[in-house]
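Let me begin by presenting the structure, written as structure tokens, before commenting on it.
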Amino acid sequence: MTDRELLNLAREAAANAYCPYSRFPVGAALECTNGRIFTGCNVENMALGSTMCAERIAIYKAVSEGITDFHRLAIYGEGDEYCMPCGACRQVMSEFSSDLEVLCARSTGGYVSYKLSDLLPHSFKLGFFK
Ligand code: THU
């Protein structure tokens, strides 16, 4: 699958975003090392802290199906700026893959690509956990 195809899946996933409070739809498409794709969208809640980001929904869908090896994650945000993953999502990504490729798109076209290790250097790790 090309970057563009994965980004298109992220954009399609944003159509299901439940975001009446921010009115900022986000979609994510996660490509696993085995080739499977999981998508997600942001799901907001009146109790704002219960809101869940698109990226984490896609990752948690994969993990809940027993898959924890990821290759690429495409993120699409319905705005003029490239949609970068929030800090919490970066930490969740780093739980599973330090060399994840993260593609960040904006609605006006184009995308930027990063390695997770560049987006979250020196990530938190449990000191005693091997
Ligand atoms: N959001 C995401 O889905 N992913 C991110 O990485 C950052 C923010 C969502 C959460 C909320 O529904 C909306 O964007 C505005 O913060």
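In this structure Arg4 satisfies the salt bridge (charged side-chain N to carboxylate O under 4.0 Å, His left out) test with no other residue, sequence neighbours excluded.
Leu30 is not listed as a side-chain neighbour of Lys61, based on a closest heavy-atom distance of 4.5 Å or more. Side-chain atoms of Phe38 and Ile67, non-hydrogen and from C-beta on, do get closer than 4.5 Å to each other. Annotation: side chain of Phe70 is in contact with side chain of Val63 (closest heavy-atom distance under 4.5 Å). Side-chain contact between Met52 and Asn42: absent, with no pair of heavy atoms (C-beta onward) separated by less than 4.5 Å. Leu103 places none of its side-chain heavy atoms less than 4.5 Å from the side chain of Tyr114. Here the side chains of Met1 and Leu9 are in contact, with some heavy-atom distance below 4.5 Å. Contact annotation: the side chain of Leu7 never approaches that of Tyr76 to less than 4.5 Å [non-hydrogen atoms, C-beta and beyond]. Contact of the Cys53 side chain with the Glu44 side chain is not registered, since no non-hydrogen atoms from C-beta on lie closer than 4.5 Å.
Rounded to the nearest 0.5 angstrom, Asn16 CG and Thr39 OG1 are separated by 8.0 Å. Taking CD1 of Ile75 as the reference point, atom SG of Cys104 lies at 4.5 Å (rounded to 0.5 Å). One finds the CZ atom of Arg72 at 15.5 Å from the CG atom of Leu116 (value rounded to the nearest 0.5 Å). Taking CZ from Phe96 and CG from Asp69, the interatomic distance works out to 10.0 Å, rounded to the nearest 0.5 Å. For the atom pair CZ (Arg11) and SG (Cys83), the distance works out to 14.5 Å, reported to the nearest 0.5 Å. For the atom pair Ser107 OG and Glu81 CD, the distance stands at 10.0 Å (nearest 0.5 Å).
In this structure, Glu65 pairs ionically with Arg36, as a charged nitrogen and a carboxylate oxygen lie closer than 4.0 Å.
The heavy-atom pair separating Pro25 from Ala14 by the smallest distance is CB-O, 3.7 Å. Between Tyr82 and Gly109 the shortest heavy-atom distance is CE2-O, 4.5 Å. Cys86 approaches Glu55 most closely through the heavy-atom pair N-OE2, 4.3 Å. Shortest non-hydrogen contact noted between Ala29 and Ile37 is CB-CG2, 4.4 Å.
Residues Tyr111 and Asp3 have side chains that bring a donor and an acceptor to within less than 3.5 angstrom of each other.
Residues Leu6 and Leu100 do not share a hydrophobic cluster, defined by chaining ILVMFWY side chains whose heavy atoms lie under 4.5 Å apart.
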Open item on the list: Asn45 vs Val43, test: side-chain contact (heavy atoms from CB on, under 4.5 Å). Steps then yes/no.
Closed with: CA-CA 7 Å; Asn45 190 272; Val43 180; over 6 Å; no

- [ ] Assess whether side-chain contact (heavy atoms from CB on, under 4.5 Å) is satisfied between Gln91 and Ser123, documenting all intermediate values.
- [x] CA-CA 7 Å; Gln91 183 66 36; Ser123 65; 4.2 Å; yes

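Counted within 6.0 Å of CG on Asp118, heavy atoms from surrounding residues, nucleotides or ligands total more than 12; the atom is thus considered enclosed.
No option in Leu119, Leu73, Leu120 other than Leu119 meets the side-chain contact (heavy atoms from CB on, under 4.5 Å) test with Pro85.
Among residues at least two apart or in separate chains, there is no salt bridge (charged side-chain N to carboxylate O under 4.0 Å, His left out) pair with a member in residues 96-112.
The closest donor-acceptor contact from the side chain of Glu95 to the backbone of Val92 lies at 3.5 Å or more, if one exists at all.
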